[in-house]
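Following: one structure in structure tokens, then a few remarks.
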Amino acid sequence: MVKINENYLKLKSSYLFSEIAKRVAAFQCENPGREIIKMGIGDVTRALPGACIRAFHAAVDEMSADSTFRGYGPEQGYDFLREKIADRDFRSRGADISPDEIFVSDGAKSDTGNFQELFSNDVRIAIPDPVYPVYIDTNVMAGRAGDSRSGRYDGIAYLDCTESNGFVPDPPAEKLDLIYLCYPNNPTGATATKEKLAEWVEYARRNKSVILFDAAYEAFIRDGSIPHSIYEIDGARDVAVEFRSFSKTAGFTGTRCAYTVVPKSCNGYDSSGNPQSLHPLWFRRCSTKFNGVSYPVQRAAEAVFSEEGAVQTREIIDDYLGNAKIVRESFSSLGYKCTGGDNSPYIWIDTATDSWKFFDMLLAKAGVVCTPGEGFGNCGRGYIRISAFNTRKNVEKAMEKIKDLLKNGIK
Ligand code: PLP
């Protein structure tokens with residue numbers, strides 16, 4: 001008899017998106033032909049930048065001739081890409097990261113999900129609420145989360161992100177080992193200041209903890225005072241791992257390319273309390289379980305850093321940020337409290353009622369689909385997330401319908 005990993009049975013069903021799909025399908029069935037605008041999606045809608053497409057094509061052509069063909073690539077990714085990442089994403093911001101501390105991967109989802117494998121099963125995990133669910137679910141699968149009660153797992157320390165802390169948690173008094181942080185945040189759209197990240201870095205140094213910092217939405221930061229990388233904070237190299245992605249930066253959600261930074265000075269500890277660098281452990285993990293991102297995709301990602309690619313990427317993100325501004329201004333003008341949408345593609349809206357009730361009303365009366373906040377955690381109750389990943393036309397149309405519906409309050 002082969003036994004299963006029973007931790008999988010402790011996972012909560014991915015209720016959120018299936019429930020949304022079910023309610024939208026029921027609405028469509030009852031209202032055939034009625035237009036629906038989906039404002040809940042976390043996937044990009046604009047095509048890859050032209051510079052990336054050209055580099056992609058050229059690299060595919062190289063694969064067609066024996067003289068330029070490439071087979072398995074270097075374990076951590078090609079030098080041409082890692083050197084550009086180190087220079088442009090880190091050194092240009094004063095962050096001391098070298099190319100051999102960068103691991104190119106097929107996604108920040110896989111890396112944020114897999115990185116926990118490097119740590120002992122009894123480490124104390126801290127996870128914000130609301131949150132991108134991957135951090136929780138992968139720790140549940142690994143057997144670290146314990147049992148679930150009232151929407152929370154016993155073995156996880158939840159960091160509440162609420163209006164009162166600006167959706168950025170303070171380091172707690174208790175000692176926690178592995179801390180997940182994500183800024184700009186999905187789902188709240190909130191950003192973390194240098195001072196707040198410095199408090200977390202100081203906490204991690206004091207407690208010999210590690211921060212797993214997800215910066216998948218870094219490219220949406222426009223406010224010059226907000227750090228793009230945790231390594232802009234002194235001392236972070238020794239206590240933080242950072243995850244980045246080309247998905248939201250340059251439309252690679254379907255193409256797949258991301259990277260993880262593991263500084264050589266970032267340590268965990270063995271059972272005797274001796275420091276062990278995480279870099280060789282992650283190298284070993286990647287070279288055992290992963291065979292790299294395809295050559296054409298790495299060439300396409302490299303083109304993001306070309307002069308043309310940088311201009312095109314910025315234009316696309318500015319377009320999404322323009323959508324976000326319209327959403328934020330529309331809801332604010334109706335008297336709703338909004339977070340995010342200025343340095344992030346997500347707007348987190350306090351509905352002052354039940355999230356699912358609000359979801360049903362927007363769908364039934366405006367034909368607009370949003371994401372109920374409670375799907376991201378208990379602290380998301382009463383909120384909805386609206387995404388800026390859409391066409392300008394759809395965003396304007398959706399906001400007109402919502403303004404019409406809500407101008408006299410909720411009916
Ligand atoms: N991290 C966060 C916070 C996300 O919201 C997402 C995708 O929605 C990812 C990571 C996944 O990125 P990737 O497409 O690189 O796997």
Side-chain angles (χ1 to χ4, degrees), residues 14 16-17 20 38-46 48 52 77 81 85 89 102-116 126-139 159 161 167-169 179-192 211-221 228-230 240-261 286 290 292-294 297-298 300-301 304 313 316-317 320 324 339-341 343-348 370-371 373 375-377 380 385-390:
S14 49
L16 177 65
F17 290 101
I20 291 174
K38 295 188 175 166
M39 301 289 296
I41 310 166
D43 194 0
V44 294
T45 50
R46 295 266 317 253
L48 290 175
C52 298
L81 179 55
I85 291 170
D89 283 349
I102 292 160
F103 294 76
V104 176
S105 79
D106 65 348
K109 185 179 206 168
S110 358
D111 285 357
T112 53
N114 290 327
F115 208 85
Q116 46 76 27
I127 297 187
D129 179 351
V131 75
Y132 177 56
V134 172
Y135 317 149
I136 295 189
D137 288 354
T138 50
N139 277 292
L159 305 169
C161 301
F167 303 96
V168 185
I179 299 131
Y180 289 79
L181 294 177
C182 170
Y183 291 101
N185 188 262
N186 177 15
T188 66
T191 50
I211 297 169
L212 299 182
F213 189 73
D214 186 344
Y217 296 95
E218 159 278 334
F220 289 79
I221 296 173
H228 288 240
S229 165
I230 195 158
V241 168
E242 182 164 307
F243 304 93
R244 293 273 188 109
S245 174
F246 292 95
S247 282
K248 310 296 159 76
T249 305
F252 276 58
T253 51
T255 306
R256 312 304 301 146
C257 196
Y259 65 88
T260 291
V261 184
C286 292
F290 183 57
V293 176
S294 80
V297 168
Q298 293 195 53
V304 169
T313 306
I316 293 170
I317 292 175
Y320 291 134
T339 306
N343 296 285
S344 112
Y346 298 120
I347 302 93
W348 189 241
C370 64
T371 312
F376 299 99
R385 186 193 76 175
I386 298 247
S387 150
F389 295 124
N390 218 315

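Every number for a ligand or one of its atoms is a count from 1 in the order of the listing.
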Test your reading of the model: is there a side-chain donor-acceptor pair from [X] to the backbone of [Y], 3.5 Å cut-off?
X	Y	value
Q298	V293	yes
Y320	T45	yes
R385	T188	no
K248	G42	yes

Where does Y217 meet ligand 1, judged by heavy-atom distances below 4.0 Å: at the side chain, the backbone, both, or neither?
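For Y217, only side-chain atoms sit under 4.0 Å from ligand 1.
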Worksheet item: Hey, is A108 touching ligand 1 through its side chain, its backbone, both or neither, going by heavy atoms under 4.0 Å?
Response: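 Near ligand 1, A108 shows its backbone as well as its side chain.
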- Query: Are any of the N or O atoms of N186 closer than 3.5 Å to those of ligand 1?
  - Reply: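 Such a contact does occur with ligand 1.
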N/O to N/O below 3.5 Å, does that happen between Y135 and ligand 1?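 In fact, backbone or side chain, Y135 has no N or O that close.
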Suppose I only count heavy atoms of [X] and a 4.0 Å limit; which atoms of ligand 1 are within that range?
X	answer
G107	15 (O), 16 (O)
C182	3 (C)
K248	7 (C), 8 (O)

Testing the 3.5 Å rule here: is there a donor-acceptor pair between the side chains of N343 and T191?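 Distance-only check fails for N343 and T191.
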Heavy-atom distance under 4.5 Å between the side chains of T371 and I20, does that happen here?
->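 Of all side-chain heavy-atom pairs linking I20 with T371, at least one is under 4.5 Å.
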> Considering only heavy atoms from C-beta outward, does the side chain of F243 approach that of F115 to under 4.5 Å?
Replying inline: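 Heavy-atom side-chain distance check passes, below 4.5 Å.
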Just need the protein heavy atom nearest to [atom], so name the residue and atom and give the distance.
atom	value
atom 14 (O) of ligand 1	S247 OG, 2.6 Å
atom 9 (C) of ligand 1	Y132 OH, 3.2 Å
atom 2 (C) of ligand 1	D214 OD2, 3.4 Å

